[in-house]
Amino acid sequence: MATAEQIAQMQKGAGFVAALDQSGGSTPKALKLYGVAEGAYGSDDEMFDLIHQMRTRIATAPAFTGKKVIGAILFEKTMDREIAGRPSAEYLWAERQVVPFLKIDDGLEEARDGVQLLKPIKTLSNKLARAKAAGIFGSKARSVIAEAHQEGIKANVAQQFRIGDEVLDNGMVPIIEPEVSITAPDKAEAEAMLLDAILAALDSVPADRQVMLKLTLPEAPDHYAPLVAHPRVMRVVALSGGYSRDEATGRLAKNRGVIASFSRALTEGLSAQQDDEAFNGAISRTIDEIHAASIT
């Protein structure tokens, strides 16, 4: 159950949300960027052991605290494991004052009408119950917009808010993530359609509830300012979406009130071959850079 302290931190905290939720499909690439080749593991279990080691190094680094990292999104297998001898979500909040979220989606449908909707989420009610019992504050589900197709974008947003309603009914806060691909040929037009669709969907959110939004950094600075100011929106966070950290932080700094929720851009420059001093120094510099762009 979300606590008043956690709600206040997510509404007003001067920091960003770390995305530590690489799933089965994205884990091999994340490990490769971290300096772990596919030949270093022979099974999915070994692969997830290695990615958990990477996440543990990040979460236990001295700079990874609620002073600058106000929240972190976890993969389900991370929630079910321990960090420094404590359940992951418990460790993040009790030891680091970092609010824990859970990635709840099961991947994407095939593309249709310019978008990829979420696959039906298996045993969603059970997943949310386990998350709540584990001390998870909120959820995240990612769908994709590949082109400016108005009906497809409306369907994408409508699905996201339906799932968000169920998360809210379970006493948690949903991060709604209709990602606009950075390679979309008509990205700015898609973003205009997305803004309209989200504003319409927010009208159905009860006055005593709030959602979070995770959106691609837009082509026009402050494009999502109406969402930042909306009373039904707890926070707008931005994904890096394939941009380098330099480009992502540069774009982020032009969007007032939006904070980062980076994944690949967060782990850029980290390596399994670094000793603790080098690793902790690298993650500290990264946190400083992303934090600075988030509070501009």
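Computed from a predicted structure; not experimentally measured.
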Mind running side-chain contact (heavy atoms from CB on, under 4.5 Å) on Lys119 and Leu108 for me, showing each step along the way? CA-CA 5 Å; Lys119 291 180 178 178; Leu108 301 170; 5.6 Å; no
Report the C-alpha separation of Phe16 and Leu266 in whole Å, then their side-chain angles, then the decisive distance to 0.1 Å, and conclude whether the side-chain contact (heavy atoms from CB on, under 4.5 Å) test is met. CA-CA 11 Å; Phe16 67 94; Leu266 174 66; 4.2 Å; yes
Would you check, one step at a time, whether the test side-chain contact (heavy atoms from CB on, under 4.5 Å) holds for Val180 with Leu215? CA-CA 7 Å; Val180 177; Leu215 305 172; over 6 Å; no
Salt bridge (Lys or Arg N to Asp or Glu O under 4.0 Å) for Glu166 and Arg162? Distances and angles first, verdict last. CA-CA 7 Å; Glu166 189 165 350; Arg162 284 196 301 272; over 6 Å; no
Going through the distances and angles, do Lys127 and Asp106 end up as a salt bridge (Lys or Arg N to Asp or Glu O under 4.0 Å)? CA-CA 11 Å; Lys127 188 179 293 190; Asp106 288 330; 3.3 Å; yes
Criterion side-chain contact (heavy atoms from CB on, under 4.5 Å) on Glu5 and Trp93, from CA distance to verdict: CA-CA 11 Å; Glu5 187 178 1; Trp93 180 244; 3.8 Å; yes
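A donor-acceptor contact under 3.5 angstrom links the side chains of Thr78 and Arg55, judged on distance only. Side-chain contact, Tyr224 with Arg256: no donor N or O sits under 3.5 Å from an acceptor N or O. A donor-acceptor pair shorter than 3.5 Å cannot be found between the side chains of Glu177 and Ser143. At a cut-off of 3.5 Å, with distance as the only test, a side-chain donor of Gln273 or Ser271 sits close to an acceptor on the other residue. Donor-acceptor pairing under 3.5 Å is lacking for the side chains of Gln9 and Gln97.
Checked by atom type and distance alone, the side chain of Ser88 never pairs as donor or acceptor with a backbone atom of Met79 at under 3.5 Å. Thr3 places a side-chain N or O within 3.5 Å of a backbone atom of Gln6 that can act as its donor or acceptor partner. Counting only distance, with no hydrogens or angles, the side chain of Gln159 and the backbone of Leu118 share a donor-acceptor pair below 3.5 Å. Here the side chain of Asp275 pairs a donor or acceptor atom with the backbone of Glu277 at under 3.5 angstrom. Remark: the backbone N or O of Ala188 is not paired with any side-chain donor or acceptor of His223 at under 3.5 angstrom. Formation of a donor-acceptor pair under 3.5 Å by the Gln11 side chain with backbone atoms of Met234 is not found in this model. Between the Ser240 side chain and the Tyr243 main chain, no donor and acceptor come within less than 3.5 Å of each other. With hydrogens and angles disregarded, no donor-acceptor distance shorter than 3.5 Å links the side chain of Asn280 to the backbone of Ala63. Between the side chain of Glu90 and the backbone N or O of Ala134 there is no donor-acceptor pair closer than 3.5 Å.
Nearest heavy-atom pair, Asn156 versus Ile145, reported as atom, atom and distance to 0.1 Å: ND2-CG1, 3.6 Å. Of all non-hydrogen atoms in Ala72 and Leu92, the two that sit nearest each other are CB-CD1, 4.2 Å. Between Arg235 and Met10 the shortest heavy-atom distance is NH1-O, 2.9 Å. Residue Lys254 comes nearest to Pro221 through the heavy atom pair O-CB, 3.4 Å, listed as atom of the first residue, atom of the second, then distance. Nearest heavy-atom pair across Ala40 and Leu50 is O-CD1, 4.3 Å. Of all heavy-atom pairs spanning Ala260 and Leu252, the tightest one is CB-CD2, 3.6 Å.
Thr27 contributes atom OG1, which lies 12.5 Å from atom NZ of Lys29 (distance to the nearest 0.5 angstrom). In this structure, CG in Asp165 is found 11.5 Å from CD in Gln160, a value given to the nearest 0.5 Å. Within the model, atoms CG of Leu217 and CZ of Arg251 stand 7.0 Å from one another, a figure rounded to the nearest 0.5 Å. In this structure, the separation between CD1 on Ile136 and CG on Asn170 is 13.0 Å, given to the nearest 0.5 Å. Taken from CD1 in Ile163 to CG in Leu128, the straight-line distance is 10.0 Å, to the nearest 0.5 Å. Note: Phe101 CZ to Ser139 OG = 8.5 Å, rounded to the nearest 0.5 Å.
Partner of Ile83 under the side chain to side chain contact (heavy atoms under 4.5 Å, CB included) criterion, chosen from His52, Glu95, Arg96: His52. Tested against Asp21 for a salt bridge (charged side-chain N to carboxylate O under 4.0 Å, His left out), the candidates Lys103, Lys140, Arg264 yield a single pass: Lys140. With Ile70 as reference, Ile259 is the one residue of Val237, Val98, Ile259 to meet the side chain to side chain contact (heavy atoms under 4.5 Å, CB included) rule.
Contact check on Asp203 versus Arg232 returns no salt bridge, with no Lys/Arg side-chain nitrogen under 4.0 Å from an Asp/Glu carboxylate oxygen. One finds a salt bridge joining Asp49 and Arg81 here, because a Lys/Arg side-chain nitrogen approaches an Asp/Glu carboxylate oxygen to under 4.0 Å. Taking a cutoff of 4.0 Å between a charged side-chain nitrogen and a carboxylate oxygen, Glu82 and Arg86 do not qualify as a salt bridge.
Cluster annotation: Ile290 is not connected to Ile295 through the hydrophobic network of ILVMFWY side chains, with a link wherever side-chain heavy atoms come within less than 4.5 Å. By the rule that hydrophobic residues join a cluster once side-chain heavy atoms approach within less than 4.5 Å of another member, Leu199 and Met193 end up as members of one cluster. Grouping the Ile, Leu, Val, Met, Phe, Trp and Tyr side chains by contacts below 4.5 angstrom, directly or via other members, places Ile198 apart from Leu239.
Listed by first then second residue, pairs satisfying side chain to side chain donor-acceptor pair (under 3.5 Å) with a partner in residues 179-190 read Arg142-Glu179, Ser181-Thr183, Lys187-Glu191, Lys187-Glu219, not counting sequence neighbours. Counting only residues at least two apart or in different chains, salt bridge (charged side-chain N to carboxylate O under 4.0 Å, His left out) contacts with residues 283-296 comprise Lys68-Asp288, Arg245-Glu289.
The shortest side-chain heavy-atom distance between Leu20 and Ile58 falls under the 4.5 Å cut-off. Side-chain atoms of Phe262 and Thr267, non-hydrogen and from C-beta on, never get closer than 4.5 Å to each other. Counting heavy atoms from C-beta outward, Gln150 and Asp113 have side chains that stay 4.5 Å or more apart. Residues Leu102 and Glu76 are in side-chain contact: their nearest non-hydrogen atoms beyond the backbone lie under 4.5 Å apart. Contact of the Leu202 side chain with the Val233 side chain is registered, since non-hydrogen atoms from C-beta on lie closer than 4.5 Å. The shortest distance between side-chain heavy atoms of Lys154 and Glu151 falls below 4.5 Å. For the pair Val157 and Leu194, the minimum side-chain heavy-atom distance is below 4.5 Å. You'll find the side chain of Ile51 reaches within 4.5 Å of the side chain of Leu31, heavy atoms only.
Other residues, nucleotides and ligands contribute more than 12 heavy atoms inside 6.0 Å of the CD atom of Glu46. A 6.0 Å sphere centred on CZ of Arg209 holds more than 12 heavy atoms belonging to other residues, nucleotides or ligands.
Ring centroids of Phe48 and Tyr41 are separated by 6.0 Å or more, keeping the two rings apart.
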